[in-house]
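See below for the structure under consideration.
When a ligand or atom number is given, it counts from 1 through the structure's own listing order.
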Amino acid sequence: MSDLRDLYQEVIFDHNRNPRNFGKLEGANHQAEGFNPLCGDRLTLYLKVDEAGIIQEVSFDGQGCAISVASASLMTEALRGKPVAEAEALFQAFHDLLTDGHGHELDLGKLKVLEGVKAYPSRIKCATLAWHTLESALHDEEQPASTE
Ligand code: ZN
């Protein structure tokens, strides 16, 4: 098990050091801001969703702790090319993974590396911030997403 944990940490460090899809997305048709006051994590999420409801492009920028940045980076990788409905289902599955640890039938792939966060309840909001922001962006909410 500890090898697996090391591997997971490695992936998180890597995504924090070199966040994927980082930076403003030109031509985005959805965007939202998210804030986690508990930790001070802030991010803006940009989405380009086509007429068929497929997420063609997704990026983020902002500042936060390693968990929040790695989670946002992993999320953008997971969302690209996915229908919006599937993105919503992934959020539910990811949320379940970090809270009750079951009830998710979807294959979360690399997102599973964040499962260890559930041992640290105060960090769960760091890991889910990007996803709450995704919800705001998809629903075009004016208010910044907050984990509170
Ligand atoms: Zn944080």
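Neighbouring protein atoms of the Zn ion (ligand 1) (N, O or S, distance under 2.8 Å, waters ignored): C39 SG, D41 OD1, D41 OD2, C65 SG, C126 SG.
Taking the ring-ring contact (aromatic ring centres under 6.0 Å, His included) definition, one finds that H30 meets it with nothing, sequence neighbours left out. Take F13 and apply the ring-ring contact (aromatic ring centres under 6.0 Å, His included) test, not counting sequence neighbours, and it matches no residue. For D14, the salt bridge (Lys or Arg N to Asp or Glu O under 4.0 Å) partners two or more places apart in sequence, or in a different chain, are R20.
Annotation: F60 is not in aromatic contact with Y46 [ring centroid separation under 6.0 Å not met].
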> Does the pair N36 and T147 meet the rule for a side chain to side chain donor-acceptor pair (under 3.5 Å), with working shown?
Replying inline: CA-CA 5 Å; N36 173 17; T147 53; 2.9 Å; yes
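Partner of E57 under the salt bridge (charged side-chain N to carboxylate O under 4.0 Å, His left out) criterion, chosen from K82, R80, K48: R80.
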